[in-house]
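Mind having a look at this structure? Questions to follow.
The structure presented is a predicted model; accordingly, all values stated were derived computationally and were not measured.
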Amino acid sequence: MKNTLSTARGVDHIGITVPSIEEATAFFEEAFGAEAIYDMLPEPLSGPGIESGLGVPKGTVLQRIRMLRLGQGPSIELFEYSGVTQNDPVIPTDYGIQHFCVYVDNIHEAAERLSGAGAVLLSEPQPLPGGDAGTGNMYLYSRSPWGSTIELVTYPSPQAYESRTSRRRWRPDPPAASALAGDSALTGDLAHSSQ
């Protein structure tokens with residue numbers, strides 16, 4: 001495949017529909033040290049414009065949108081809707097976006113914080129398999145209070161795939177570099193040392 005120039009710079013944000021913006025914000029603040037940046041709407045939106053523009057059913061009311069900052073990665077955009085029947089969140093076997101993952105420095109402390117914020121841990125931290133494997137490289141899956149799947153991951157060691165290709169997946173800057181850059185977002189050990 002020919003490598004061509006792209007105007008894509010990276011993932012900007014992840015949109016998540018929640019039953020309550022306030023409860024979801026409190027969850028992300030407590031679990032990950034997220035910061036609420038701004039609320040997008042001065043008042044609820046409804047009608048043909050959002051129905052066609054967002055591909056939502058007739059009668060949908062977009063109550064609120066709030067943007068959160070989470071570490072060095074993409075922002076999280078929370079949506080709260082009303083006026084229509086809403087389905088349960090998808091699970092990993094369903095089509096479409098089925099989970100998002102947060103990189104942490106200390107997965108055991110992050111799991112404790114996530115659980116304390118109201119998430120259900122689906123396991124203890126487990127070694128990453130296959131191409132992600134390496135000493136101390138671990139993950140776990142959880143469910144948010146409203147049922148979305150959230151993964152925690154840490155890979156402090158080189159990953160197995162790195163010996164097979166020069167291409168690299170995104171990896172956050174080391175904690176010291178983040179602090180020097182003035183990054184106030186909290187993850188893992190950095191979160192606990194900052195509080």
Inset, instruction - Please confirm whether the backbone N or O of Arg169 pairs with a side-chain atom of Tyr161, one donor and one acceptor, at under 3.5 Å? - result: yes

Legend entry - Trp146-Leu70 co-clustered via ILVMFWY side chain contacts under 4.5 Å: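 Yes; Leu70 is reachable from Trp146 via cluster members.
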
Inset, instruction - Look at atom CD1 of Ile97 and say whether more than 12 heavy atoms of other residues, nucleotides or ligands are closer to it than 6.0 Å. - result: no

Inset, instruction - Give, for atom OG of Ser148 and atom CG of Asp88, the distance between the pair rounded to the nearest 0.5 Å. - result: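 Rounded to the nearest 0.5 Å, the OG-CG separation comes out at 10.5 Å.
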
Legend entry - Test item: Arg143 side-chain N/O and Pro145 main-chain N/O as donor-acceptor pair under 3.5 Å: no

Legend entry - CG on Leu62 to OG on Ser46, rounded to 0.5 Å: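 Separation between the atoms: 9.5 Å.
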
Inset, instruction - Would you check if the side chain of Gln159 reaches a backbone N or O of Gly134 as a donor-acceptor pair within less than 3.5 Å? - result: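 Absent.
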
Legend entry - Separation of Ile50 CD1 from Tyr81 OH (nearest 0.5 Å): 6.5 Å

Inset, instruction - Indicate, with yes or no, if Ile37 and Met40 share a hydrophobic cluster defined by side-chain heavy-atom contacts under 4.5 Å among Ile, Leu, Val, Met, Phe, Trp and Tyr. - result: yes

Legend entry - Under the side chain to side chain contact (heavy atoms under 4.5 Å, CB included) test, residues paired with Pro125 that sit two or more places apart: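 So Pro125 forms a side chain to side chain contact (heavy atoms under 4.5 Å, CB included) with Ile107, His108, Met138, Leu140.
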
Legend entry - Transitive ILVMFWY side-chain link Leu45 to Tyr38, under 4.5 Å: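 Same cluster: Leu45 reaches Tyr38 through Ile, Leu, Val, Met, Phe, Trp or Tyr contacts under 4.5 Å.
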
Legend entry - hydrophobic_cluster_shared for Leu68 and Ile65, side chain cutoff 4.5 Å: no

Legend entry - Non-hydrogen side-chain atoms of Thr149 and Pro92 separated by less than 4.5 Å: yes

Inset, instruction - Keeping the roles fixed (side chain from Asn137, backbone from Leu128), state whether a donor-acceptor pair exists under 3.5 Å. - result: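 Here the side-chain-to-backbone pair does not exist.
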
Legend entry - Inter-residue atom distance Ser75.OG - Met67.CE, 0.5 Å rounding: 5.5 Å

Inset, instruction - State whether the side chain of Ser115 and the backbone N or O of Glu112 hold a donor-acceptor pair below 3.5 Å, judged by distance alone. - result: no

Legend entry - Closest non-hydrogen atom pair, Gly136 against Pro156: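 Looking at all heavy atoms of both residues, the closest pair is O-CD, 3.5 Å.
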
Inset, instruction - Could you check whether the rings of Trp170 and Tyr103 sit parallel, tilted or perpendicular, using 30° and 60° as the cut-offs? - result: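 Plane angle over 60°, so perpendicular.
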
Inset, instruction - Please round to the nearest 0.5 Å and tell me the distance separating atom CZ of Phe79 and atom CD1 of Ile21. - result: 8.5 Å

Inset, instruction - Check Glu51 against Pro57 and note the closest heavy-atom contact, atom names and distance. - result: CG-O, 3.7 Å

Inset, instruction - Establish whether Ile91 and Phe100 are linked, either directly or via other cluster members, by ILVMFWY side-chain heavy-atom contacts under 4.5 Å. - result: no

Legend entry - Heavy-atom check, side chain of Arg113 versus side chain of Phe32, under 4.5 Å: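 No, too far: nothing below the 4.5 Å cut-off.
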
Legend entry - Sub-4.5 Å side-chain heavy-atom contact between Phe27 and Ile150: yes

Inset, instruction - Evaluate whether atom CD of Glu23 has more than 12 neighbouring non-hydrogen atoms of other residues, nucleotides or ligands under 6.0 angstrom away. - result: no

Legend entry - Any Asn106 side-chain heavy atom under 4.5 Å of Thr154 side chain: no

Legend entry - Ring-ring centroid check Tyr155 Tyr139, cutoff 6.0 Å: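 That pair fails the under 6.0 Å test.
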
Legend entry - Interatomic spacing from CD in Glu22 to CG in Leu78 - rounded to 0.5 Å: 10.0 Å

Inset, instruction - Could you tell me whether the side chain of Gln126 and the main chain of Glu124 form a donor-acceptor pair under 3.5 Å? - result: yes

Legend entry - Side chain to side chain, Leu114 and Leu152, heavy atoms closer than 4.5 Å: yes

Legend entry - Exceeds 12 heavy-atom contacts within 6.0 angstrom, atom CD of Gln98: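 Counting other residues, nucleotides and ligands, CD of Gln98 exceeds 12 neighbours.
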
Inset, instruction - Please tell me if the side chains of Leu41 and Glu80 come closer than 4.5 Å, counting only heavy atoms from C-beta onward. - result: no

Inset, instruction - Provide the closest heavy-atom pair for Ser82 versus Gln63 in the form atom of the first, atom of the second, distance. - result: OG-NE2, 2.6 Å

